[in-house]
> 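Take this structure, written in structure tokens, and hold onto it; I'll ask about it next.
Throughout, protein chains are lettered first and strands after them, A, B, ... in sequence-line order, and every chain is numbered starting at 1. Computed from a prediction, not measured in an experiment: that's the story for all the values here.
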Amino acid sequence: MHALTLPETGHFDEMLLPSGGIRPHYRAFAHWLQAQSPSVLAQKREQANQLFHRVGITFALYGDDAGAERLIPFDTIPRVIPAAEWAKLEAGLAQRVRALNAFLEDIYHEHRIVKAGVVPGEQVFANAQYQPLMQGVNLPGAVWAQVTGVDLIRHADGGYYVLEDNLRVPSGVSYMLENRKMMMRLFPELFARHAIAPVDHYPTLLLSTLRRASARENPTVVVLTPGHHNSAYFEHAFLAQQMGVELVEGRDLFVRDDHVYMRTTAGHKQIDVIYRRIDDTFLDPLAFRPDSMLGVPGLMQAYRKGNVVLANAIGTGVADDKSIYPYVPEMIRYYLGETPILDNVETFQCRHPAELDHVLANLERLVVKEVHGAGGYGMLVGPAASRAELEDFRARLIAQPENYIAQPTLCLSSCPTFVEAGIAPRHIDLRPFVLTDGRETSMVAGGLTRVALRAGSLVVNSSQGGGTKDTWVLEE
Amino acid sequence: MLSRTADHLFWMARQMERAENLARLLDVSLAVSLLPASRGGADVSAPLVLTGTLDAYLARHGEPDASRVLAFMSFDAGNPSSILSCIRHARDNAHAVRGKITAEMWMSINATWLEAREFAQGGAGDQAFFDWVKERSHLFRGATHGTCQRTDAFSFIRLGTFIERADNTARLLEVKRHLLDDADAADYYAWSALLRAVGAFEAYHALYRDAPSGRRVAELLLLRPDMPRSLRACFDEIYKWLARLEGDNGRAAKRLAAELRAAQAYTSVDEVFDAGLHDYLTRMLGDITRLGALVHEAYLEAA
């Protein structure tokens, strides 16, 4: 019926054993799959497409025609994670987020980790993501990142590794929720056969995290969006609706006497917590970019006075910068006195001459990334690059080594995925979303699985042809 | 509710209502254009006059020609008053507040936009298209009625619908005024077309059991409270939805709405004709515009 094939050697496949057999946690699914006719499954995929279009679960591409919207391709073969694996991931993620928040509290106050020589001072204070305005600002509960998205990959050795942390405005959680809804709609029988951990309480968890971020009783929470041209607008609207809070744009808000208000049909209403989906530098034209039309003049002043909470805080970008990433395991040891549960991917910092030499000598085997890049832009995948691309990057590395890090070409695990000619292995990653109020860390089981739909591709970003899958964490 | 949200909801409803009204008008224009000129046919410029796009049309296409007018008013994306443009504006407004409307409302209006684009690929506006537009408008209204919570959001949606409808009914009568002015020179076909445009053909015959006359058509569409597209019914609704809005900042709008409603309720058709239909309609159109501006000032402006 459906031919399942192994990936090229050296990759871990989520469903298939190297022998070609089915891994235990995928057996029930594989059994079901083989009983489905290809034409019925094709119909279901078409149905999913139409529904996503109708619901308008689309994203806008930067640089594309104004208003052009695309669907993120959705694959109907789920990524399945056994309970024991998830338990370890969950502990590792919570640990990491605790350490990152402790790091932010420290570098905006006492700089203990720098003084102790664990993280070099210039990496922190000369970093463009470091916000001097935040030095000495006390935040409720000392929470800097209420919401963190951690990108994980599974390597050839079967272990999970952290590829990067996202502490600014991580997106994708709406796709996690909509993918689950779609799978339950298309294949209800699968959910009867498996004990799959639910995810749809995420908005409730998020709202209670945001409410606890304020010291005020019964705080007013809003979601701040750049507007409907933003690529993640669907998600902003979705989360606001699911939480039952207002979705505001900068022009809906104003600051008076260092308090923030929104304009409503019944007059002005004070705001206590802003779940902002706008980058730091656009938040307040008085404090940052004077040309920003998205922000709220005076917001920074109200924020520094403690009259409004921003989630996440301003200045968190320094902790997820690729130049700081190599130090996260050290942070865990330093702040928590614990052994890191999740490992980093081996990373070469081109700012160190010896490591730069190694990178230049092995360029065609490495992945080179811009330290401040995001979204899969500004990166070189050595093995897939042309001679000209390699030479271009070589020149860039020599000119500005401190702008780059390099990592071995990752063996992202693969998962069987529908492609034009049946089912084929495609590379995937995983982005769980971790919430914290400073005392407790919470998350829903799983996260967003992204899949690189082109054969052999390792780039899973939706802006570059990536798709998504539903992610199942099986309960014991 | 955010002022901006109210603004999007109001215009979402207005643009959808506008698309429906245009479809009604074009549907009738198409029918009338097939009549001989002696029976009121060949009056193909009415949709252009009514939407204020006659000059734009003349500049681009020259003499009005039935099929070209239909295409211009149905699918021309460069014409901000075309049905396609109205649907796009309605959908864009809904998109901007999609978290504030129900999933079913959003899916209905989004699907309308997606399918309208496909219709537009097909070329000329025809009866099948106009029927489809009316159906989609009914569907959206149904989804709104059946799923939308009765908060201020609903009030702003209804307000948008009825301000637009009042404006449209008044304009439609103004454009066809030459038929009404001469109160007894009834032309069966032209009257019938007008009544069909506002879905009042059956009601007219049930009420008057007689061939249409100008005075009766005017009475039906201006003064009868039980005709859902009459000016009177629109003013009743506008008054009702405005009165429900919280807050004091809408006093001026609420007062004008109450005045218009009372005036419409206690006017007879003879008074309308004695004063002159044109003057009457001109005053109504001015009042409706003023009401829209007051609503904007009080609730919708993000100032």
> Could you tell me which portion of A:Val222 (side chain, backbone, both or neither) has an atom closer than 4.5 angstrom to a non-hydrogen atom of chain B?
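Neither the backbone nor the side chain of A:Val222 comes within 4.5 Å of chain B.
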> Looking at the rings of A:Phe282 and A:Phe288, which for Trp means the six-membered one, are their centres under 6.0 Å apart?
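No, they do not, as the ring centres are separated by 6.0 Å or more.
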> Going by the angle between their ring planes, with limits at 30° and 60°, are A:Tyr233 and A:His236 parallel, tilted or perpendicular?
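Rings of A:Tyr233 and A:His236: perpendicular, as their planes differ by over 60°.
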> Verify the neighbour count for atom CG of A:Asp257: are there more than 12 heavy atoms of other residues, nucleotides or ligands below 6.0 Å?
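Not more than 12 within 6.0 Å, no.
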> For the rings on A:Phe234 and A:His228, is their centre-to-centre separation under 6.0 Å?
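No.
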> Going by the salt bridge (charged side-chain N to carboxylate O under 4.0 Å, His left out) test, name the single residue among B:Arg14, B:Arg158, B:Arg171 that passes it with B:Glu164.
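Answer after filtering B:Arg14, B:Arg158, B:Arg171: B:Arg14.
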> Should B:Glu17 and B:Arg141 count as an ion pair when the cut-off is N to O under 4.0 Å?
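Answer for the salt bridge query: yes.
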> Which bit of B:Leu114 is near chain A, if near means a heavy-atom gap under 4.5 Å: side chain, backbone, both or neither?
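Interface part for B:Leu114: side chain.
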> Please look at A:Gln242 and chain B and tell me whether the side chain, the backbone, both or neither of the residue comes under 4.5 angstrom of a heavy atom of that chain.
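A:Gln242 has no heavy atom closer than 4.5 Å to chain B.
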> Please list, in residue-number order, every residue in residues 228-242 of chain B that has a heavy atom less than 4.5 Å from any heavy atom of chain A; write 'none' if there are none.
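When heavy atoms of chain A are the reference, residues 228-242 of chain B contributes no residue within the under-4.5 Å range.
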> Can you say whether B:Ile101 sits under 4.5 Å from chain A via the side chain, the backbone, both, or neither, judging by heavy atoms?
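Backbone only.
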> Are B:Phe156 and B:Phe10, when compared by the centres of their aromatic rings, separated by less than 6.0 Å?
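No, the ring of B:Phe156 stays outside the 6.0 Å limit from the ring of B:Phe10, centre to centre.
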> Return the orientation label for the A:Phe254 and A:Tyr261 ring planes: parallel under 30°, perpendicular over 60°, tilted otherwise.
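Parallel, since the angle between the ring planes stays under 30°.
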> Does any heavy atom of chain B fall under 4.5 Å from the side chain of A:Val223, the backbone, both, or neither of them?
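For A:Val223, no heavy atom lies under 4.5 Å from chain B.
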> When you check the gap from the basic side-chain N to the acidic O, do B:Glu301 and A:Arg263 get nearer than 4.0 Å?
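Looking at A:Arg263 together with B:Glu301, the answer is no, because their closest N to O distance does not fall below 4.0 Å.
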> Side chain, backbone, both or neither: which part of B:Glu115 has a heavy atom under 4.5 Å from chain A?
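Looking at B:Glu115, just its side chain touches chain A.
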